[in-house]
**Q** 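The structure under discussion is supplied below as structure tokens; questions concerning it will follow.
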2 protein chains.
Amino acid sequence: MTAEVRRVRGRRRTLDEEQILDAALSLLASRGADSVSVRGIASQVGVAPNAVYTYFPDKASVVRALAERILGEIDHGAFDDRDLPWRERIHALAADLRARLIARPGAIDLLLAGPLDGPNALALVETLLAILADAGLSPDDAARASYLLIVHSLGSIALEVAELDRPGPVLPEEQRVLRRQAALRAVPADRYPRTASAADVMAGSITTEQFTWGLDRVLDGLSVQRSSEAKQHPPDHPLRG
Amino acid sequence: MTAEVRRVRGRRRTLDEEQILDAALSLLASRGADSVSVRGIASQVGVAPNAVYTYFPDKASVVRALAERILGEIDHGAFDDRDLPWRERIHALAADLRARLIARPGAIDLLLAGPLDGPNALALVETLLAILADAGLSPDDAARASYLLIVHSLGSIALEVAELDRPGPVLPEEQRVLRRQAALRAVPADRYPRTASAADVMAGSITTEQFTWGLDRVLDGLSVQRSSEAKQHPPDHPLRG
DNA sequence: ACCTGAACACCGTTCAAGT
DNA sequence: ACCTGAACACCGTTCAAGT
């Protein structure tokens with residue numbers, strides 16, 4: 001019955017887990033993933049390095065909590081409007097995730113540092129499964145599809161972030177494309193003829209537009225598979241609702 | 001005319017770049033990505049830590065060279081048989097890449113640590129573009145498609161490696177699925193009903209079979225896009241050849 | 001119970017010195 | 001030209017001690 005934790009003896013807590021994660025997030029935003037160190041966090045909150053170990057057993061668990069917290073910023077309620085077409089809902093969810101992770105380079109490294117098995121990661125999967133069920137996919141198809149969509153989204157983000165000059169402030173998309181364009185135009189056409197002549201298109205692969213295009217191709221692929229394997233419910237006409 | 005570099009004065013080189021990369025690769029295989037340190041490499045080749053800086057300007061360039069070397073292991077010649085169906089050629093290429101990177105956990109982190117702009121990365125893109133051209137895609141479509149395929153492949157691999165208990169030896173696929181299954185079966189069904197009831201299917205998402213399935217969905221998506229935008233050349237009947 | 005100081009075993013990198 | 005020893009500024013983590 002006593003859910004409250006008794007802290008009778010000894011010093012009061014000067015911090016809590018959230019303040020530690022706040023500090024870590026601010027370091028991540030300002031100076032990149034490498035600066036998210038136990039010592040850096042400690043000095044950010046004004047405490048000795050080893051005081052962090054009062055709240056987390058090791059650095060890995062701080063990183064896990066940080067990844068969870070970033071995923072927790074997503075408002076799942078924004079994507080469960082079943083009146084909207086399911087493709088739109090998935091696009092909105094993916095775009096939201098991408099915008100958040102690109103804005104905080106280094107965050108994707110934290111997410112990919114371990115299994116995505118926290119409550120907020122599971123909530124994200126659950127939301128995706130709900131949308132895919134509304135789209136008419138069977139539970140098994142929806143499970144496979146949700147993983148494929150996560151692979152596409154996180155994979156795109158990881159490749160896009162890998163192009164950044166780390167660390168440093170995030171340049172606007174247009175400038176990043178121009179840099180990539182310059183690099184790709186320097187590709188020797190004698191050795192890489194196809195790459196060289198497609199340089200400008202390849203440079204655009206890190207844009208929002210191409211991310212959306214790729215997502216549409218994946219969704220097309222899922223629709224093809226669905227319509228050929230389960231003809232009893234045609235596309236965009238879910239059985240339920 | 002004198003392509004040979006003159007080394008008249010001073011000590012002879014006791015090493016070369018390749019030996020450094022050999023040592024780094026063996027560390028990567030035996031003790032994971034974290035152990036690929038300048039000091040670790042140096043002691044592996046039996047030299048003082050700072051001797052590495054004779055061959056590489058900094059650690060980042062060692063990592064770049066290492067990523068390039070891993071991509072260089074792929075035998076592109078194995079995928080340019082134009083008598084084989086293009087889907088098969090892409091599957092073979094992706095499967096080869098995946099097998100190499102899963103066998104060496106940590107390698108995917110090195111690849112995603114910076115831009116994929118080295119000679120071997122470009123050669124990989126060039127090979128993909130050639131296959132996609134054989135498939136009948138326009139140069140622009142092929143460029144977009146090649147990036148999408150790389151995103152899917154590297155994204156799958158990154159998520160799969162993130163599930164591993166790092167560091168340590170790579171468990172066989174079946175055992176990794178069983179571990180994941182156990183974790184997913186523990187998901188509370190009241191809060192995550194869809195995830196919980198799809199636990200066994202979700203557990204299989206890190207398998208070769210699911211990787212292949214996902215790749216097929218992406219390829220389906222590309223085919224849909226191609227057949228609706230360019231009906232002049234039907235699927236699996238390239239214009240050329 | 002929580003925080004500190006000090007220490008241990010690392011890390012990347014630089015610099016002056018030796019050959 | 002190449003390698004070394006020593007140093008600098010880090011890192012994660014542990015441990016005994018103080019309140």
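These values consider heavy atoms only, across backbone and side chains, with no hydrogens, waters or symmetry-generated copies. Chain letters run A, B, ... following the sequence lines, proteins first and then strands; every chain starts at 1.
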**Q** Name the closest nucleotide to the B:Lys59 side chain, picking from C:dG12, D:dC3, C:dC2.
**A**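 Comparing C:dG12, D:dC3, C:dC2 against the side chain of B:Lys59, the answer is C:dG12.
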
**Q** If you write DNA chain D from 5' to 3' in dot-bracket form, with Watson-Crick or G-U pairs under 3.5 Å, [ ] for crossing pairs and | for pairs with another strand, what do you get?
**A** ||.|||||...|||||.||

**Q** Would you kindly give the CD1-to-P distance between B:Ile20 and D:dC2, to the nearest whole Å?
**A**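 Nearest whole value for this atom pair: 12 Å.
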
**Q** Between C:dC3 atom P and A:Asp16 atom CG, what is the distance in whole Å?
**A**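 Roughly 10 Å, once rounded to whole Å.
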
**Q** I'd like to know if A:Arg100 and A:Glu73 make a salt bridge, using a cut-off of under 4.0 Å between side-chain N and carboxylate O.
**A**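 Between A:Glu73 and A:Arg100 there is a salt bridge, with a charged N closer than 4.0 Å to a carboxylate O.
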
**Q** Rounding to an integer number of Å, can you tell me how far A:Asp58 CG sits from D:dT13 P?
**A**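 Atom-to-atom, A:Asp58 to D:dT13, this comes out as 5 Å.
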
**Q** Starting from P on C:dG12, measure out to CG on A:Asp34 and report it in whole angstrom.
**A**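 Rounded to the whole Å, the gap is 12 Å.
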
**Q** Would you mind reading off the distance between B:Tyr53 atom OH and D:dC8 atom C1', rounded to a whole angstrom?
**A**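 Rounding to the nearest Å, OH of B:Tyr53 and C1' of D:dC8 are 13 Å apart.
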
**Q** Between A:Leu27 (CG) and D:dC11 (P), how many Å, whole number?
**A**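 About 10 Å, once rounded to whole Å.
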
**Q** Can a side-chain donor-acceptor contact be found between A:Arg180 and A:Ser205 if the only test is distance below 3.5 angstrom?
**A**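 Yes, a side-chain donor-acceptor pair sits under 3.5 Å.
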
**Q** Looking at B:Glu126 and A:Arg191, is any side-chain nitrogen of the basic one under 4.0 Å from a carboxylate oxygen of the acidic one?
**A**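 Result for this pair is no, no salt bridge flagged.
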
**Q** Which heavy atom of B:Gly214 sits nearest to which heavy atom of A:Leu148, and what is that distance?
**A**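 So the two residues come closest at CA-CD1, 3.8 Å.
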
**Q** What I'd like to find out is whether the side chain of B:Arg176 reaches to under 4.5 Å of the side chain of B:Ile102, using heavy atoms alone.
**A**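 Yes, side chains in contact.
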
**Q** Closer than 4.0 angstrom, basic N to acidic O: yes or no for B:Arg179 and B:Glu163?
**A**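 No salt bridge links B:Arg179 with B:Glu163.
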
**Q** Could you tell me whether the phosphate oxygens of D:dC3, OP1 or OP2, come under 4.0 Å of any side-chain nitrogen or oxygen in B:Thr14?
**A**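 True: B:Thr14 side-chain N/O within range (under 4.0 Å) of D:dC3 OP1/OP2.
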
**Q** List in numerical order all residues of residues 36-49 of chain B for which some heavy atom is under 4.0 Å away from an atom belonging to DNA chain C.
**A**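 Of all residues in residues 36-49 of chain B, the ones placing a heavy atom under 4.0 Å from DNA chain C are B:Ser37, B:Val38, B:Arg39.
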
**Q** Any chance the side chains of A:Thr208 and A:Arg98 put a donor and an acceptor closer than 3.5 Å?
**A**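 Yes, a side-chain donor-acceptor pair sits under 3.5 Å.
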
**Q** Report the distance from atom CG of B:Leu15 to atom C1' of D:dT4, rounded to the nearest whole Å.
**A**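 Taking atom C1' of D:dT4 as the reference, CG of B:Leu15 is at 13 Å.
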
**Q** Name each donor-acceptor pair under 3.5 Å that joins a side chain in residues 115-125 of chain B to protein atoms two or more places apart or in another chain, with its distance.
**A**
| from | atom 1 | to | atom 2 | distance (Å) |
| --- | --- | --- | --- | --- |
| B:Asn120 | ND2 | B:Glu68 | O | 2.9 |
| B:Asn120 | ND2 | B:Glu68 | OE1 | 3.2 |

**Q** C:dC3 phosphate, OP1 or OP2: any side-chain N/O from A:Thr54 under 4.0 angstrom?
**A**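 Yes, such a contact exists.
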
**Q** So does B:Asp200 pair up with B:Arg185, basic N to acidic O under 4.0 Å?
**A**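 Answer for the salt bridge query: yes.
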
**Q** Taking atom P of D:dA9 as reference, at what distance in whole Å does atom CZ of A:Arg31 sit?
**A**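 It works out to 17 Å between those atoms.
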
**Q** Using the side-chain heavy atoms of B:Tyr55, tell me which of these nucleotides is nearest: D:dG12, C:dG12, D:dC3.
**A**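 Closest nucleotide to the B:Tyr55 side chain: D:dC3.
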
